[in-house]
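Note that this is a predicted model, so its numbers are computed, not measured. Excluded from the calculations below are hydrogen atoms, water molecules and symmetry mates; all remaining heavy atoms, backbone and side chain alike, are included.
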Amino acid sequence: MNPLASNTAPVIVVVGAGIAGLSAAVRLRQLGLRVQVMEKSRGFGGRSATRRIGRLGFDHGAQYLTVRESALADALVPLIQRGIVAPWEPRIVHLGSNGRRTPDKEAKRFVGVPGMSMLGRGLKGQSTVTLGTEITSLGLRSDGTWTLFDQHGAGYGPFAGVIITCPAPQAADLLASASSKLARACGEVEMLPCWATMVAFDSPLRLDFDAAFVDDEVLAWVANESTKPGRTVQPECWTLHAAPAWSRDRLEDDADLIAREMQQRFLQIAGATSAKPGTCIAHRWRFARSAEPRAHVDLLDPVGRVGVAGDWTQGDRLEAAFMSGLRMAEELASLVDCADR
Ligand SMILES: Cc1cc2nc3c(=O)[nH]c(=O)nc-3n(C[C@H](O)[C@H](O)[C@H](O)COP(=O)(O)OP(=O)(O)OC[C@H]3O[C@@H](n4cnc5c(N)ncnc54)[C@H](O)[C@@H]3O)c2cc1C
């Protein structure tokens with residue numbers, strides 16, 4: 001427990017233990033509030049995820065982190081010192097539809113070690129997170145505090161304030177009965193899906209790039225996971241991300257069919273059609289990235305003390321998620337500060 005948060009400090013609930021939820025939780029504790037994080041899945045980090053298949057590991061969601069804001073840079077220092085975040089310096093190219101490759105010159109990239117899920121575990125710090133609990137509704141009590149209900153009807157609370165960090169369409173559903181203003185704002189945001197395919201090769205492909213942005217109807221990004229720090233080198237593991245329009249058109253297709261098609265397209269583009277894939281599995285991200293990354297303002301309902309954070313409120317990247325959680329924690333804490341302390 002944060003020594004600054006007394007046993008009588010108001011408790012704020014954060015829905016979602018992705019990067020936005022975890023950064024909000026840490027900031028709320030720093031500001032002297034008690035925090036409870038509720039997460040529907042069995043792990044931390046949300047879309048900053050790693051899928052383990054036997055001894056293979058794939059970052060099937062976020063690939064890497066870029067850092068521009070000093071608050072994120074500061075938060076990463078202890079994680080880098082502990083070795084759970086490290087720079088990744090891949091040979092990245094842009095693969096055009098005409099097969100031309102131009103080197104990529106993006107800023108420095110960081111990854112979790114041994115997988116991107118470590119970013120969530122590292123940022124969680126001392127926060128209390130209840131896993132495997134999907135919040136399905138919010139109920140306002142007569143004293144102005146909140147009770148949250150899970151998928152089994154169990155209630156949690158009372159909470160002096162709420163921060164919702166789910167992808168926008170899910171946040172809209174959750175907020176429908178709690179704040180029509182916020183539900184409307186979330187409902188206006190479109191999030192695009194993404195099929196991700198994880199494929200392993202017993203023999204190295206020996207390509208002249210480690211990752212590529214792909215200008216193609218089927219694929220948008222491919223990365224050799226084995227070139228990231230702390231990964232298994234053999235078999236060689238690749239993550240392939242499909243293009244947004246293709247993902248949307250094929251969203252309800254059979255996952256095995258999708259995996260096969262994406263893997264074949266990758267080998268065609270890479271000029272490695274004789275390679276023999278082993279494990280090949282597709283994952284469907286229904287809400288991968290915001291369709292129009294831009295800053296959404298006024299995502300706090302001061303009357304009910306309910307706020308919304310998440311990557312889509314500021315862009316479509318991990319850094320946006322981190323900063324959005326931090327900012328909403330500060331906004332909400334200032335309200336609770338006035339009213340309850
Ligand atoms: C395929 C893909 C590739 C990407 N590549 C990159 C990249 O290379 N670099 C980059 O910076 N970003 C990348 N991103 C974007 C990045 O992953 C996101 O910006 C970031 O992870 C979003 O964090 P978040 O906390 O806002 O949301 P999320 O990570 O979605 O976290 C929300 C959390 O809320 C939980 N939740 C949802 N509903 C409920 C509920 N009702 N009750 C309880 N919990 C709930 C979810 O389980 C989840 O854990 C990528 C995303 C995808 C999908």
Side-chain angles (χ1 to χ4, degrees), residues 2-4 14 16-31 35 37 39 41 43-52 55-92 103-129 131 165 209-211 213 221 223-233 237-239 309-311 314-330:
N2 182 341
L4 295 176
V14 176
I19 301 307
L22 295 172
S23 87
V26 168
R27 190 70 188 124
L28 288 165
R29 280 169 51 85
Q30 287 169 348
L31 294 167
V35 189
V37 183
E39 166 57 48
S41 75
F44 315 106
R47 280 170 275 156
S48 185
T50 304
R51 171 81 77 92
R52 301 253 161 240
R55 65 195 179 96
L56 310 178
F58 300 87
D59 297 331
H60 58 313
Q63 295 294 291
Y64 57 81
L65 174 68
T66 44
V67 184
R68 294 171 183 83
E69 300 274 358
S70 59
L72 178 57
D74 292 347
L76 288 184
V77 170
L79 310 194
I80 293 170
Q81 282 166 351
R82 286 165 57 197
I84 59 177
V85 168
W88 178 42
E89 291 166 358
R91 297 167 300 161
I92 298 198
D104 175 76
K105 297 193 190 71
E106 162 90 57
K108 204 165 176 180
R109 296 173 169 85
F110 293 88
V111 292
V113 181
M116 284 300 283
S117 60
M118 289 306 287
L119 185 61
R121 287 208 219 167
L123 290 175
K124 170 185 168 287
Q126 305 293 309
S127 304
T128 308
V129 181
L131 296 174
T165 69
F209 61 88
D210 302 322
F213 295 99
W221 165 262
N224 181 349
E225 299 284 351
S226 305
T227 64
K228 293 179 178 176
R231 269 55 169 190
T232 311
V233 174
C237 294
W238 285 76
T239 295
D311 60 343
Q314 321 230 328
D316 68 344
R317 292 166 175 240
L318 288 164
E319 184 161 34
F322 179 89
M323 292 307 297
S324 73
L326 192 130
R327 286 178 184 141
M328 186 47 68
E330 289 174 355

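- Legend: residues meeting side-chain hydrogen bond (donor to acceptor under 3.5 Å, both in side chains) with Ser41, ordered by chain and number and at least two apart, are Glu39.
- Judged by distance alone, with hydrogens and angles left aside, the side-chain atoms of Glu69 form no donor-acceptor pair with the main-chain N or O of Val67 at under 3.5 Å.
- Partners of Glu225 by side-chain hydrogen bond (donor to acceptor under 3.5 Å, both in side chains), not counting sequence neighbours, listed by chain and number: Lys228, Thr239.
- A search for side-chain contact (heavy atoms from CB on, under 4.5 Å) contacts involving Thr165 returns Val14, Ala20, Ile163, Ala309, not counting sequence neighbours.
- Distance CG/Leu65 to CH2/Trp88: 12.5 Å, rounded to 0.5 Å.
- When all heavy atoms are compared, the tightest approach of Cys237 to Phe58 is CB-CE2, 3.5 Å.
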For residues 117-125, run the donor-acceptor check on the side chains, cut-off 3.5 Å, and write out each pair with its distance to 0.1 Å, sequence neighbours left out.
from, atom 1, to, atom 2, distance (Å)
Ser117, OG, Thr50, OG1, 3.4
Lys124, NZ, Ser127, O, 3.3

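- Note that the OG1 atom of Thr66 and the CZ atom of Phe110 stand 9.5 Å from one another [nearest 0.5 Å].
- Residues passing the side-chain hydrogen bond (donor to acceptor under 3.5 Å, both in side chains) test with Glu89, sequence neighbours excluded: none.
- Note: Met116 CE to Leu318 CG = 5.0 Å, rounded to the nearest 0.5 Å.
- Applying the side chain to side chain donor-acceptor pair (under 3.5 Å) rule to pairs touching residues 74-87 yields nothing, sequence neighbours excluded.
- Taking the side-chain contact (heavy atoms from CB on, under 4.5 Å) definition, one finds that Ala49 meets it with His60, Trp285, sequence neighbours left out.
- Ser48 contributes no side-chain N or O that, together with a main-chain N or O of Ala62, makes up a donor-acceptor pair within less than 3.5 Å.
- Here Arg51 pairs with nothing under the salt bridge (Lys or Arg N to Asp or Glu O under 4.0 Å) rule; sequence neighbours left out.
- Nearest heavy atom pair, residue Ala320 against residue Gly315, reads CB-N, 4.0 Å.
- Residue pairs satisfying the salt bridge (charged side-chain N to carboxylate O under 4.0 Å, His left out) criterion with at least one member in residues 19-28, sequence neighbours excluded, are listed as follows: Arg27-Glu330.
- For Arg52, the side-chain hydrogen bond (donor to acceptor under 3.5 Å, both in side chains) test picks out no residue, with sequence neighbours left out.
- With sequence neighbours excluded, the residues satisfying side-chain contact (heavy atoms from CB on, under 4.5 Å) with Asp210 are Pro90, Arg91, Thr227.
- Annotation for Ala71 and Leu326: closest pair CB-CD1, 4.4 Å, computed over non-hydrogen atoms.
- Note that the CE atom of Met328 and the OG atom of Ser23 stand 11.0 Å from one another [nearest 0.5 Å].
- Below 30°, between 30° and 60°, or above 60°: for Phe209 and Trp238 the angle between ring planes is above 60°, a perpendicular geometry.
- Across every non-hydrogen atom of Ile19 and Ala321, the tightest pair is CB-CB, 4.2 Å.
- Scored by the side-chain contact (heavy atoms from CB on, under 4.5 Å) test, Val113 finds Ala86, Pro229, Arg231 as partners (sequence neighbours excluded).
- When only modelled atom types and interatomic distance are considered, Thr232 and Arg55 share no side-chain donor-acceptor pair under 3.5 Å.
- Nearest heavy atoms, Val37 versus Ala25: CG2-CB, 3.7 Å.
- Nearest heavy-atom pair across Gly230 and Pro114 is O-CB, 3.4 Å.
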